[in-house]
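Sharing a structure with you now.
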2 protein chains.
Amino acid sequence: MFSKSCEYGLRAVIFIAQQSLLDTKVSLTTISEAIDSPQAFTAKILQQLTRNNIVSSIKGPHGGFYIEMEAMKTLNLSAVVKVLDGDDIYTGCGLGLKQCNEDKPCPLHFKFVDIREKLKYMLENTTLIMLANDMELDVFHLKT
Amino acid sequence: MFSKSCEYGLRAVIFIAQQSLLDTKVSLTTISEAIDSPQAFTAKILQQLTRNNIVSSIKGPHGGFYIEMEAMKTLNLSAVVKVLDGDDIYTGCGLGLKQCNEDKPCPLHFKFVDIREKLKYMLENTTLIMLANDMELDVFHLKT
DNA sequence: ATTATAAAGGACAATAATATCTTTTATTAA
DNA sequence: TTAATAAAAGATATTATTGTCCTTTATAAT
Ligand code: FES
Ligand code: FES
């Protein structure tokens with residue numbers, strides 16, 4: 001479904017959001033251990049996310065990554081996916097036609113678009129703060 | 001969503017099914033032109049599909065690929081996807097955890113499984129003959 | 001000012017996916 | 001039985017994704 005980059009990115013963002021709820025900044029090392037992802041690769045992903053204003057970062061001692069409360073309330077999973085995987089998942093044809101077009105549809109178009117829209121709706125309506133709050137319940141996991 | 005192999009494979013299977021409805025066997029060249037796919041790569045994909053008894057093939061003059069009427073009625077898109085992409089799409093965690101497990105779920109699990117099941121249902125309930133018949137309507141396309 | 005910390009950035013490496021090319025095998029028709 | 005046709009199989013090439021390593025920049029504390 002999503003690329004590895006996107007999977008790590010989503011897990012990282014959820015972990016950072018959870019910690020930001022407690023006003024804690026987290027370092028790359030802490031993040032990659034918490035979500036069980038390759039550290040250097042995760043660093044690259046976090047760079048993309050900070051450049052695109054999903055997460056914030058501060059260099060130096062006591063620095064690290066965090067997410068502004070305002071951003072947590074506004075941002076949804078869709079924003080993260082768009083940064084890391086583009087919007088192919090929202091606009092691409094299920095059978096790989098160069099463009100998904102209602103007027104020249106592939107034989108799977110109508111059935112496929114139905115599911116694609118449900119996925120889109122789900123990602124757009126799941127905010128980071130919702131997930132951060134869920135994580136406080138101790139029933140959800142970000143590794144293994 | 002699907003790999004390139006799977007996209008080409010699905011398009012090829014739908015085209016072959018449509019032609020088999022008319023009792024026509026089709027060659028690799030015909031197929032790759034009809035679905036606008038790289039010929040040699042498509043050959044590899046068709047080999048996998050014949051080995052796995054999705055499509056049938058005959059070598060030599062007047063040979064080519066076809067699908068048995070019985071197979072067309074029985075086989076669904078899910079069978080094709082499983083051969084080419086495995087069943088990761090049915091069993092994999094949306095956030096890339098090593099295994100998707102209801103008892104140790106990722107924060108997206110329940111929302112994700114809902115969509116995953118809908119996709120599974122759609123693929124399992126779309127038979128090749130349904131799509132072959134649809135293609136006769138001249139409203140659906142397999143390229144551009 | 002110096003040192004330690006931590007993210008940012010650039011260069012490179014390994015692996016997997018995609019794609020091509022060549023040879024072999026099976027089948028048909030002349 | 002020979003030549004032509006078409007799929008199967010094997011080897012190789014290209015590209016994208018995933019992953020690592022090293023250097024630079026910013027910040028904080030001593
Ligand atoms: S044209 Fe294929 S999904 Fe829309
Ligand atoms: S554990 Fe992540 S989708 Fe099931």
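The chains referred to below are lettered A, B, ... by the order of the sequence lines, with proteins before strands, and numbering in each begins at 1.
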TODO: Compare all side-chain heavy atoms of Met69(A) with those of Ile129(A) and state whether any distance is below 4.5 angstrom.
DONE: yes
Task: Under 3.5 Å: donor-acceptor pair, side chain of Asp85(A), backbone of Val81(A) - done: no
TODO: May I ask you to test the Tyr90(A)-Lys82(A) pair for a side-chain heavy-atom distance under 4.5 Å?
DONE: yes
Open item on the list: Can you work out whether Gln47(A) or Gly60(A) has the more 5'-proximal nearest nucleotide on DNA chain C?
Closed with: Gly60(A)
Open item on the list: Donor-acceptor pair, distance only, cut-off 3.5 Å: does the side chain of Arg116(B) make one with the backbone of Gly92(B)?
Closed with: yes
Task: Residue-phosphate contact under 4.0 Å: Ser57(B) side-chain N/O, dA8(D) OP1/OP2 - done: yes
Task: Backbone N/O of Val26(A) and side chain of Thr30(A): donor-acceptor pair under 3.5 Å - done: no
Open item on the list: Without decimals, in angstroms, what is the distance between Asp88(A) CG and dA16(D) C1'?
Closed with: 14 Å
TODO: Sort and list the pairs that fulfil salt bridge (Lys or Arg N to Asp or Glu O under 4.0 Å) and have at least one residue in residues 101-114 of chain B, not counting sequence neighbours.
DONE: Asp114(B)-Lys118(B)
TODO: Compare all side-chain heavy atoms of Thr42(A) with those of Leu28(A) and state whether any distance is below 4.5 angstrom.
DONE: yes
Task: Where chain A begins and ends its contact with DNA chain C, read 5' to 3' at 4.0 Å from heavy atoms - done: dA4(C) to dA11(C)
- [ ] Under 4.5 Å between side-chain heavy atoms, chaining through other members, with only Ile, Leu, Val, Met, Phe, Trp and Tyr counted: pull out the rest of the cluster around Tyr66(A), sorted by chain and number.
- [x] Ile58(A)
Open item on the list: How many whole angstroms separate atom NZ of Lys4(B) from atom P of dA16(D)?
Closed with: 12 Å
Open item on the list: Both Phe2(A) and Pro61(B) contact DNA chain D. Taking the nearest nucleotide for each, which residue is further toward the 5' end?
Closed with: Pro61(B)
Task: Backbone of Leu22(B) reached by a side-chain donor or acceptor of Thr24(B) within 3.5 Å - done: yes
Task: Members of residues 5-37 of chain B that approach DNA chain D, where some heavy atom sits under 4.0 Å away - done: Val26(B), Ser27(B), Leu28(B)
Tabulated below should be each protein N or O lying under 3.5 Å from an N or O of nucleotides 20-25 of chain D; please produce it.
from: dT25(D); atom 1: O2; to: Lys59(A); atom 2: NZ; distance (Å): 3.4

- [ ] Quickly work out the Leu84(A) CG to dT18(D) C1' distance and round it to whole Å.
- [x] 14 Å
Task: Atom-pair distance (CD on Gln48(A); P on dT18(D)), nearest Å - done: 11 Å
Task: Side-chain donor/acceptor of Asp134(A) to backbone N/O of Leu137(A), under 3.5 Å - done: no
Open item on the list: By the 4.0 Å heavy-atom rule, please label Ile58(B) as base, sugar-phosphate, or nothing.
Closed with: sugar-phosphate
Open item on the list: By the salt bridge (Lys or Arg N to Asp or Glu O under 4.0 Å) test, which pairs, at least two apart or in different chains, include something from residues 19-39 of chain B?
Closed with: Lys98(A)-Asp36(B)
